[in-house]
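For reference, the structure is listed below as structure tokens.
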Amino acid sequence: MTQQKIILDCDPGHDDAMAILLALGHPDIDLLAITTVVGNQTLEKVTHNARAIAQFAGMKNRPIAAGCHRPLIRSIQNAAQVHGISGLDGTHLPEPTLALDNRHAVDLIIETLKSHPAKTITLVPIGGLTNIALAVRKAPEIVELVKEVVLMGGGYHIGNQSAVAEFNIRIDPEAAHIVFNEKWPLTMVGLDLTHQAKPTAQIMADIAALNTPISQFVTDSMNYYTAGYRQRNQATDYAPVNDPCAVAYVIDKTLITTQRVPINIELQGQLTCGMTVADFRHPAPQDCHTQVAVSLDNPRLWQLFINALKNLA
Ligand SMILES: [Ca+2]
């Protein structure tokens with residue numbers, strides 16, 4: 001099977017870290033570059049975290065570049081209530097020595113796309129869309145070069161940052177508007193899908209049983225992430241993980257069912273700003289370039305993830 005080449009644009013973040021582990025550990029993914037963007041925490045913190053997790057997982061000879069330190073227009077909103085002051089609270093990673101690429105993330109994305117054959121690289125944004133929006137404004141020709149965009153963000157019936165808006169879209173809705181309106185094939189892996197991605201106690205036990213430094217990191221991450229989730233939701237199960245679902249879809253498209261539907265981003269609404277408005281009223285038009293992720297084979301997602309952790313051990 002040919003490897004899928006991806007660029008992962010992220011803001012680690014506990015679930016971003018798990019997405020990086022899945023991308024590095026799965027043999028079907030060729031992770032060409034990691035780029036970072038302000039989101040769950042400041043650009044400085046998420047870039048530090050990306051370097052730390054990539055080094056911890058043994059990434060070599062692949063660039064990591066920092067991108068935008070704030071959204072296009074709006075002021076910065078972080079997710080410290082979910083990911084803590086560091087962005088990875090509750091975990092213990094060694095201080096990274098991995099060098100940061102000296103290019104801006106936007107330039108690294110453009111140059112990487114231009115240095116590979118057209119339509120061989122999938123963009124996987126799992127944070128706010130600021131870097132991707134600026135890349136396509138700076139170099140509009142990348143629309144034709146990208147194989148597809150598979151992003152974690154949004155939700156067609158649900159929000160988390162507000163009643164109807166998801167965090168990654170809500171923090172930079174103008175950037176999301178740009179990205180969703182370019183004519184590249186785009187899959188929105190939103191909250192409707194990712195809320196199905198909850199590990200069971202048995203899955204968490206299977207991860208712990210790997211008994212490696214990386215499995216310990218995942219256990220610490222999930223314990224921290226789940227404690228906040230249980231408190232906020234008065235729940236007793238494990239927190240769902242968002243970002244790994246986008247990587248999993250690139251690895252195996254049979255894990256997730258999708259529906260083609262036009263999607264646009266609300267920019268004006270006092271109550272609805274950042275909503276990913278999906279129009280399900282009619283069959284999708286022939287030229288519809290967007291689709292939403294609908295249902296997940298959750299046991300297979302976790303099997304994929306555990307296998308990736310084994311490969312990294
Ligand atoms: Ca993220």
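Just follow the structure's listing: the first ligand is 1, and inside any ligand the first atom is 1.
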ask   = Which pairs, with at least one residue in residues 280-295 and sequence neighbours excluded, count as a salt bridge (Lys or Arg N to Asp or Glu O under 4.0 Å)?
value = Asp279-Arg281
inquiry  = Which of the protein's N, O or S atoms come within less than 3.0 Å of the Ca ion (ligand 1), not counting waters?
reply    = Asp11 OD1, Asp16 OD1, Asp16 OD2, Ile126 O, Asp243 OD2
request  = Report the residues that fulfil ring pair (Phe, Tyr, Trp, His ring centres under 6.0 Å) with Tyr156, sequence neighbours left out, ordered by chain and then residue number.
outcome  = Phe280
key: Beyond-backbone contact of Lys114 with Leu145, side-chain heavy atoms, under 4.5 angstrom   = yes
task = Decide yes or no for Ile132 and Arg137: does some side-chain heavy atom of the first lie under 4.5 Å from some side-chain heavy atom of the second?
result = no
Throw together a table of side-chain donor-acceptor distances under 3.5 angstrom for residues 50-63, partners on residues two or more places apart or in other chains.
from, atom 1, to, atom 2, distance (Å)
Arg51, NE, Leu98, O, 2.7
Arg51, NH2, Pro96, O, 3.4
Arg51, NH2, Leu98, O, 3.0
Gln55, OE1, Thr97, N, 2.8
Gln55, OE1, Thr97, OG1, 3.4
Gln55, OE1, Leu98, N, 2.8
Gln55, NE2, Thr97, OG1, 3.2
Arg62, NE, Leu31, O, 3.0
Arg62, NH2, Asp30, OD1, 2.7

task = Count the heavy atoms of every other residue, nucleotide or ligand shown that sit under 6.0 Å from CD of Gln81, and state whether that count exceeds 12.
result = yes
